[in-house]
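All values reported here derive from a predicted model rather than from experimental measurement.
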Amino acid sequence: MISAILTVLAPVFGGFVYGIERIVKARMQRRVGPPLLQPFYDFFKLMDKRPLMIHSLHALMGIMYFVAEWFALAVLLLGNDLLIAVFFHVIAVLALVIGASSVRSPYSVLGALRELMHMISYEPLMVLMVVSFYLVVGSFDIRDILSYQGYPILEIPLVFVAFLLTIPMMLQKSPFDIAEAHQEIIGGPEIEYSGPFYEALYTGKWIEYIYVFTFVFLFGGNHYWLGALLVVGVFILINLIDNSTARLDFRKMVKFAWGILIPMAALNVILLALWQ
């Protein structure tokens, strides 16, 4: 019942997390920042605007992105298979790419191509992380991971570090906010959305925050206090990196992912498999 309630209220929790993040980033920059409820003010403002769409496919893919993100998170919160959650997330990203590619705007199309670069960079690592959890726990089910008596972070430390450095790619944070790149392509794949259709993307990103930090929580096993500490620590670290780094180009992002992060995670998985 608690999992079902958390799943239904996930967009609300994601909005609060996004609001807290904006306050934390502002404090790091010695600014006051927006109020905690600013994301919800933006939500109602966008919903009040007259809906405009370029064509039906573009609008449908924006809504599909939101729905697939919510399904991916629901799989996690309801204690089901990790691989299914990852596959739903892939569907969400592909919906965003298809929608952005279906318009004539060069900014939108370029953002879609860069979003594909993001997916190519982090999705293989997500699969390796799921495999590593299976080798540690013996199951893909989240219920089994959250009841595991050991400390997953101590058994797959390289996977955790690789995932930690992948989070900026997933959440569009510096130095890997390649697809949005506000100074270059002005919002990337989101640029042609407006009103309620943009709100679907906006809320989908709130859900993605909960999706990402749920994976961080899993590294604590059944030691929920450790999982909570990891979530808070990673949250602060990611925002610190976002505030102190400049954006790289997509080539460096892909090289970093495939040259360092994915081999690091693969090495941990291989050593774990040999040890067993």
Side-chain angles (χ1 to χ4, degrees), residues 21 28 72 82-83 85-87 89-90 92-94 96-97 110-137 145 151-181 184-185 188 208-209 211-220 226-227 229-276:
E21 182 192 66
M28 288 180 176
L82 282 179
L83 274 176
V86 171
F87 292 154
H89 187 262
V90 171
V93 177
L94 288 177
L96 180 61
V97 170
L110 182 58
L113 293 174
R114 291 188 177 186
E115 191 68 45
L116 281 176
M117 294 297 104
H118 276 271
M119 189 174 70
I120 291 171
S121 298
Y122 65 71
E123 289 298 349
L125 192 140
M126 295 294 292
V127 174
L128 286 172
M129 181 172 62
V130 171
V131 171
S132 68
F133 274 117
Y134 178 82
L135 291 175
V136 170
V137 179
I145 297 173
Y151 296 86
I153 190 173
L154 298 180
E155 300 184 50
I156 45 175
L158 296 180
V159 174
F160 177 75
V161 173
F163 177 60
L164 173 64
L165 297 176
T166 301
I167 292 177
M169 302 179 193
M170 302 181 68
L171 298 181
Q172 299 288 343
K173 304 292 183 185
S174 293
F176 302 123
D177 52 335
I178 311 296
E180 293 183 353
E184 298 175 17
I185 53 178
E208 188 159 20
Y209 275 76
Y211 172 83
V212 168
F213 286 107
T214 299
F215 274 100
V216 175
F217 185 82
L218 293 178
F219 280 91
L226 176 59
L229 286 177
L230 290 174
V231 168
V232 173
V234 170
F235 179 81
I236 294 174
L237 180 60
I238 291 303
N239 282 284
L240 183 62
I241 294 174
D242 185 34
N243 276 278
S244 58
T245 57
R247 183 175 64 255
L248 301 174
D249 63 32
F250 72 91
R251 298 176 185 85
K252 292 181 180 178
M253 178 183 70
V254 175
K255 287 180 181 179
F256 180 65
W258 282 89
I260 298 178
L261 299 184
I262 293 177
M264 182 190 303
L267 175 63
N268 201 157
V269 170
I270 292 171
L271 292 176
L272 188 63
L274 292 175
W275 179 261
Q276 293 180 343

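The CE atom of Met126 sits 13.0 Å away from atom CE of Met119, with the distance rounded to the nearest 0.5 Å. Separation of atoms CG (Leu272) and CG (Leu135) is listed at 5.0 Å; rounding is to 0.5 Å. A distance of 9.5 Å separates CZ in Phe160 from CG in Leu165, rounded to the nearest 0.5 Å. To the nearest 0.5 Å, atom CG of residue Leu154 and atom CG of residue Leu226 are 8.0 Å apart. The CZ atom of Phe213 sits 13.5 Å away from the CG atom of Leu218 when rounded to the nearest 0.5 Å. The CG atom of Leu230 sits 9.0 Å away from the CZ atom of Phe219 when rounded to the nearest 0.5 Å.
Here the closest heavy-atom approach between residue Ala162 and residue Leu125 is recorded as CB-CD1, 3.5 Å. Between Leu164 and Pro168 the shortest heavy-atom distance is O-CD, 3.5 Å. Between His118 and Met169, the shortest heavy-atom distance links the atoms ND1-O, 2.9 Å. Heavy atoms only, all atoms of each residue included: Ile156 and Ser132 are closest at CD1-OG, 3.5 Å. Here the closest non-hydrogen pair linking Ala246 and Pro175 is O-CB, 3.2 Å. In this structure, Ile238 and Lys173 approach most closely via the heavy-atom pair CG2-CG, 4.1 Å.
For Tyr211 and Phe215, the ring centers sit closer than 6.0 Å to each other.
No side-chain heavy atom of Met117 sits less than 4.5 Å from a side-chain heavy atom of Leu113. Here the side chains of Met28 and Ile236 are in contact, with some heavy-atom distance below 4.5 Å. No side-chain heavy atom of Leu82 sits less than 4.5 Å from a side-chain heavy atom of Met129. Counting only heavy atoms from C-beta outward, the side chains of Leu171 and Asp242 never approach each other to under 4.5 Å.
Screening residues 119-129 for side-chain hydrogen bond (donor to acceptor under 3.5 Å, both in side chains), with sequence neighbours left out, gives His89-Glu123.
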Exercise for review: Report the C-alpha distance between Phe176 and Ile241 in whole Å, list the side-chain angles of each, state the deciding distance to 0.1 Å, and finish with yes or no for side chain to side chain contact (heavy atoms under 4.5 Å, CB included).
Suggested key: CA-CA 10 Å; Phe176 302 123; Ile241 294 174; over 6 Å; no

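Scored by the side chain to side chain donor-acceptor pair (under 3.5 Å) test, Asn243 finds Gln29 as partners (sequence neighbours excluded).
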N/O donor-acceptor pairs under 3.5 Å from side chains in residues 252-270, not counting sequence neighbours:
from   : atom 1 : to     : atom 2 : distance (Å)
Trp258 : NE1    : Ile120 : O      : 3.1
Asn268 : OD1    : Leu158 : N      : 2.9
Asn268 : OD1    : Val159 : N      : 3.3

